[in-house]
Amino acid sequence: MPELPEVETIVRTLAPHVLNARIEAVNLLHPKSAHPLSLPLESLAGSAICGARRRGKLVLLDLEPAKPGPDSGDLLVIHLRMTGSLLPREHKAAPGKHTRCVFTLKDNPGNYQDLFFDDIRTFGKILLANKSILEAWPFWNELGPEPLEMSAADLKPRLRGNRQLKAALLDQKTIAGIGNIYADEALFQSRLHPCRKAGSLDAGDCERLLAAIQDVLLRSIAQCGSSIRNYKDADGNAGAFQNSFKVYGKGGETCPACGAALQKSRVGGRATVFCGACQK
DNA sequence: AGCGGGACCTGTGGGC
DNA sequence: TGCCCACAGGTCCCGC
């Protein structure tokens with residue numbers, strides 16, 4: 001489900017609910033929602049949440065363990081994949097059909113609250129990590145740079161080779177946080193064809209592409225992300241950027257730039273919409 | 001190297 | 001109304 005703008009929105013709305021709270025208990029309802037590399041989630045009990053951040057599409061909660069040691073976790077990593085969500089709920093609220101994990105939180109004044117990890121398709125993962133676990137996690141170690149903190153000069157050498165440009169953008173090793181929606185939107189805005197060979201972009205193309213990526217992501221964040229079906233932020237609100245899509249989900253409609261019919265095909269295994277006239 | 005296909009899951013929407 | 005198929009915001013793995 002969520003790409004960078006949605007995860008950013010989730011983290012921003014989640015932070016006031018969880019910062020400085022202590023995790024009193026964890027109830028893992030669906031064992032597969034724990035990442036195979038994770039420390040036991042029960043060992044979270046007693047940890048305080050001292051940070052809420054995003055890296056790519058990952059939600060990161062920084063922890064102060066009750067008993068710091070080599071076997072304790074100091075980072076809770078949550079990958080929402082397609083349908084994961086993080087929802088603050090009243091303490092002892094009944095889990096829903098798709099609730100996979102419940103974190104019981106206690107804030108400074110002593111009020112209890114539950115945090116639900118819901119996930120319809122159960123692709124999402126929760127990982128309680130420390131330094132050595134992160135070092136053993138390839139996805140983490142190979143994750144590309146943040147698109148909002150990089151330059152076109154950083155991007156250029158990452159777009160090597162013969163692979164299709166869109167496939168390169170979807171590869172989290174190239175850039176972190178871009179998914180199917182924002183790949184299509186950024187490629188349209190930069191007038192680059194999704195099947196262009198990644199290594200064929202010159203410096204000017206890279207500048208135009210990165211500018212488009214950053215513009216699309218920032219405009220989406222300003223609208224609290226895109227809500228196609230399931231996505232909601234931690235306050236239960238939907239985003240609005242889906243109303244600003246130029247091409248995503250619009251195969252067969254007219255190109256907003258030139259009026260030609262938008263083409264739909266499959267690139268990198270994903271549904272892809274682009275304008276064959278504008279994008280070269 | 002890089003692509004396509006399938007796997008992992010559940011739900012929804014369209015066509016008949 | 002109901003059934004069946006296609007498809008969905010992500011990633012990994014396999015074979016060609």
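All heavy atoms count here, side chains included; hydrogens, waters and symmetry mates do not.
- For the side chain to side chain contact (heavy atoms under 4.5 Å, CB included) with A:Leu86, the lone residue among A:Thr13, A:Ile78, A:Asp233 that qualifies is A:Ile78.
- Computed from coordinates, the A:Tyr231 OH to B:dT12 P distance equals 20 Å when rounded to whole Å.
- Here A:Phe139 lies in heavy-atom contact (under 4.0 Å) with sugar-phosphate atoms only.
- Looking at every heavy atom in both residues, A:Arg100 comes nearest to A:Ser33 through CB-OG, 3.3 Å.
- Closest non-hydrogen pair, A:Arg81 versus A:His79, comes out as N-ND1, 3.1 Å.
- Residue A:Gln172 places at least one side-chain N or O closer than 4.0 Å to OP1 or OP2 of C:dT11.
- A salt bridge (Lys or Arg N to Asp or Glu O under 4.0 Å) with A:Arg55 is found for exactly one of A:Glu146, A:Glu8, A:Glu149, namely A:Glu146.
- The separation between A:Phe117 atom CZ and B:dC9 atom C1' is 13 Å, rounded to whole Å.
- If you measure from atom CG of A:Leu159 to atom C1' of B:dG2, you get 15 Å, rounded to the nearest angstrom.
- A close approach under 4.0 Å does not occur between any side-chain nitrogen or oxygen of A:Asn162 and OP1 or OP2 of B:dA1.
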Review item, side-chain donor-acceptor pairs of residues 101-109 of chain A, under 3.5 Å, at least two apart:
residue: A:Thr104; atom: OG1; partner: A:Asp114; partner atom: OD1; Å: 3.2
residue: A:Asp107; atom: OD1; partner: A:Gly110; partner atom: N; Å: 3.1
residue: A:Asp107; atom: OD1; partner: A:Asn111; partner atom: N; Å: 2.8

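- Using a distance-only test at 3.5 Å, with no hydrogens or angles considered, no donor-acceptor pair links the side chain of A:Arg191 to the main chain of A:Cys278.
- A gap of 15 Å separates the P atoms of B:dC9 and C:dC13, to the nearest Å.
- Between C:dA6 and B:dA7, the two P atoms lie 14 Å apart (nearest whole Å).
- Under the stacking definition used here (centres under 5.5 Å, planes under 30°), the residue A:Phe123 fails to qualify as stacked on the base of C:dT11.
- In the set C:dT11, B:dC9, C:dG9, B:dC9 carries the atom at the smallest distance from any side-chain atom of A:Arg121.
- Note on A:Lys197: nothing from the nucleic acid sits closer than 4.0 angstrom, heavy atoms only.
- Phosphate proximity of B:dG11 to A:Lys97: present, with a side-chain N or O under 4.0 Å from OP1 or OP2.
- For C:dT11, one of the phosphate oxygens OP1 or OP2 lies less than 4.0 angstrom from a side-chain nitrogen or oxygen of A:His79.
- Heavy atoms of A:Ile228 sit under 4.0 angstrom from at least one base atom.
- Under 4.0 angstrom from either OP1 or OP2 of B:dC9 there lies no side-chain N or O belonging to A:His98.
- A salt bridge does not link A:Lys131 to A:Asp74: none of the charged side-chain nitrogens sits closer than 4.0 Å to a carboxylate oxygen.
- With sequence neighbours excluded, the residues that form a ring pair (Phe, Tyr, Trp, His ring centres under 6.0 Å) with A:Trp137 are A:His35, A:Phe139.
- Close to C:dG9, at under 4.0 Å from its OP1 or OP2, lies a side-chain N or O of A:Tyr248.
- Here A:Lys32 reaches the OP1 or OP2 of B:dC9: one of its side-chain N or O atoms lies under 4.0 Å away.
- Helical stems involving DNA chain B, defined as 3 or more consecutive Watson-Crick or G-U pairs under 3.5 Å, span B:2-8 with C:10-16, B:10-16 with C:2-8.
- Atom C1' of nucleotide B:dC3 and atom CG of A:Leu170 are separated by 14 Å, given to the nearest angstrom.
- Closest heavy-atom contact between A:Cys275 and A:Leu262: CB-CD2, 3.7 Å.
- Side-chain nitrogen and oxygen atoms of A:Lys57 include at least one within less than 4.0 Å of the OP1 or OP2 phosphate oxygen of C:dT11.
- A:Arg266 places its CZ atom 12 Å from the P atom of C:dG10, with the value rounded to the nearest Å.
- In this structure, OH of A:Tyr182 is placed 16 Å from P of C:dA8, rounded to the nearest angstrom.
- Closest to the side chain of A:Gln164, from the set C:dG9, B:dG4, B:dG11, is B:dG4.
- Distances shown here put a side-chain N or O of A:Arg270 below 4.0 Å from the OP1 or OP2 atom of C:dG10.
- Here B:dC3 presents its C1' atom at 13 Å from CG of A:Asp171, a figure rounded to the nearest Å.
- Of the P atoms belonging to B:dG4 and C:dA8, the separation is 15 Å, rounded to the nearest Å.
- Between the CD1 atom of A:Ile120 and the C1' atom of B:dG11 there is a distance of 7 Å, given to the nearest Å.
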